[in-house]
Amino acid sequence: MKKKYDVVIVGSGLGGLVSAIILAKEGKSVCVLEKNNQFGGNLQTFVRDKTIFDTGIHYIGGLSEGENLHNYFSYIGIMEHLKLKKMDEDGYDVITFEGDANQYPHAQGYENFVQQLLNYFPDEEKVLREYCEKIVYACDSFPLYNLKSEGGYQNEVLSINAKALLDELTSNEKLKAVLAGSNFLYAGDDYRTPFYVHALSVNSYIQSSWRCLNGGSQITKQLIKQLKKYGGETYKHSEVVGFGYEDGKLVSAKTKNGNEYFGDLFISNIEPKTTLKLIGKDKFRKAYYDRIQSLEAIIAPFSIYI
Ligand SMILES: Cc1cc2nc3c(=O)[nH]c(=O)nc-3n(C[C@H](O)[C@H](O)[C@H](O)COP(=O)(O)OP(=O)(O)OC[C@H]3O[C@@H](n4cnc5c(N)ncnc54)[C@H](O)[C@@H]3O)c2cc1C
């Protein structure tokens, strides 16, 4: 007899596992398929000489009580089980430049953020305060980010460019570079990155910054524990390589190892172009398929640990 789930999820990254727990908590039967040996995607860790190394997530923002990730992680039941360490309040990130001995800190707490940078930019208090206000305003335009169901996305916030906003705030090039100093977190590009992308990233770290003691894979471990509690199932070494159809309706996910997982709904937690290719060009309107395939490839990291 073939088993059927309410929802089959492709990919066990943070997005896939959190979706799975939310659905399982709501009473849905859920199954998560992962191609790798380790669950968690960018939460994976590795060990050399008894030292744990993170691959993706190294530090996390918004985990103090009342902040957004704290609320999310509490809802899915993992918050109290995580072993975390708060980073340096006066400089969770430090921005440095070649030929400049200063270490410019990004501090936790908005007032502290301003005060720590005033040590290096004593004449720029107005600019720093305005910058903080703009960040908070941009984040307030995203109701879901603040776990509110009401309110709208303000178009004016969506269209502001990050570099243009910094240029407008100040002509102090060093200060602009310091404020944009963590832009690799969101693959910042001076002409294309909107300010809200910058704001949503740095706001969470300014609120509070944390490291996972013994690596980020503890998050995966706790997520899977919670998922199992609600009856969810996870399968590793299960790369989805295609889908099955009945009367034109997608009914199953087929894995490389020859298994087939049936479901009413399917969630893809993998790259969108790949998802569409796996489903098949003929299953979409041509204009939609072509538009997604023409999206520029995202920046991929290649890390060397020395
Ligand atoms: C180098 C790096 C550093 C980062 N640092 C931080 C940080 O310090 N703090 C922070 O908050 N965020 C950080 N991030 C971002 C964060 O790690 C990611 O945003 C998040 O983990 C992504 O989760 P995801 O669920 O979207 O996808 P992923 O983690 O990419 O998960 C996708 C999963 O799908 C699986 N998969 C792919 N194809 C298939 C298939 N066909 N069948 C089955 N399974 C498949 C993959 O193996 C993977 O496990 C970092 C990211 C990178 C790359």
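These figures come from a predicted structure and were not determined experimentally. Counting convention: from 1, in listed order, for ligands and their atoms alike.
Residue Glu34 has at least one N or O atom closer than 3.5 Å to an N or O atom of ligand 1. Residue-to-ligand polar distances place Gly56 within reach of ligand 1: an N/O pair is separated by less than 3.5 Å. For the pair Gly41 and ligand 1, the shortest N or O to N or O distance falls below 3.5 Å. Residue contacts with ligand 1: Val10 is placed with no nitrogen or oxygen under 3.5 Å of a nitrogen or oxygen of the ligand (distance criterion only).
At the shortest separation from atom 15 (C) of ligand 1 among protein heavy atoms lies Ile57 CG1, 4.5 Å. The single protein non-hydrogen atom nearest to atom 36 (N) of ligand 1 is Ile270 CG2, 3.5 Å, given as residue, atom name and distance. Nearest to atom 8 (O) of ligand 1 among the protein's heavy atoms is His58 N, 2.8 Å. Atom 29 (O) of ligand 1 has Asn42 N, 2.9 Å as its closest protein atom, hydrogens excluded (heavy atom only). In terms of protein heavy atoms, atom 26 (O) of ligand 1 is closest to Asn269 ND2, 3.9 Å. Protein heavy atom nearest atom 42 (N) of ligand 1, with residue, atom name and distance: Val240 N, 2.9 Å. Considering only non-hydrogen protein atoms, atom 31 (O) of ligand 1 sits nearest to Gly13 CA, 3.2 Å. When only non-hydrogen protein atoms are considered, atom 43 (C) of ligand 1 lies nearest to Lys35 N, 3.4 Å.
A side-chain donor-acceptor contact under 3.5 Å links Asn269 to the backbone of Gly16. In this structure, the side chain of Asn146 engages the main chain of Cys139 through a donor-acceptor pair within 3.5 Å. For Ser252 (side chain) and Gly244 (main-chain N/O), a donor-acceptor pair under 3.5 Å exists by modelled atom type.
Counting the atoms of ligand 1 from 1 in the order shown, those under 4.0 Å from a heavy atom of Leu14 are 23 (O), 25 (O). With ligand atoms numbered from 1 in the order given, ligand 1 contributes 47 (O) to contacts under 4.0 Å with heavy atoms of Asn36. Every atom of ligand 1 with a heavy atom of Leu33 under 4.0 Å away is listed here by number and element: 43 (C), 44 (N).
A donor and an acceptor atom, one from each side chain of Gln207 and Tyr205, are nowhere located under 3.5 Å apart. Between the side chains of Tyr5 and Glu233, a donor-acceptor pair is found at a separation under 3.5 Å. No side-chain N or O of Asn112 forms a donor-acceptor pair with one of Glu89 less than 3.5 Å apart.
Contacts between Trp210 and ligand 1, counted as non-hydrogen atom pairs separated by less than 4.0 Å, are absent for every part of the residue. Residue-level proximity to ligand 1 for Thr55 is carried by the backbone, the only part with a heavy atom below 4.0 angstrom.
In this structure, Lys273 does not pair ionically with Glu296, as no charged nitrogen and carboxylate oxygen lie closer than 4.0 Å. Under a 4.0 Å N-O distance rule, the pair Glu260/Lys3 does not qualify as a salt bridge. Classification of Glu173 and Lys176 as a salt-bridged pair holds, one side-chain N sitting under 4.0 Å from a carboxylate O. Ion pairing between a basic and an acidic side chain is recognised when a charged N comes within 4.0 Å of a carboxylate O; Lys163 and Asp189 show no such pairing.
The closest approach between any non-hydrogen atom of Ile60 and ligand 1 is not below 4.0 Å. Note on ligand 1: Leu43 sits outside its first shell, no heavy atom being nearer than 4.0 Å. Ligand 1 lies within reach of Ser238, whose nearest heavy atom is under 4.0 Å from it. Distances shorter than 4.0 angstrom occur between a heavy atom of Tyr205 and an atom of ligand 1.
Heavy atoms from other residues, nucleotides or ligands lying under 6.0 Å from CG of Asn214 number 12 at most.
Relative to the ring axis of Tyr75, Lys25 places its NZ or CZ within 45° and under 6.0 Å from the centre.
There is no protein heavy atom closer than 4.0 angstrom to atom 19 (O) of ligand 1.
Every residue two or more places apart in sequence or in another chain was checked for a side chain to side chain donor-acceptor pair (under 3.5 Å) with Asn68, and none qualifies.
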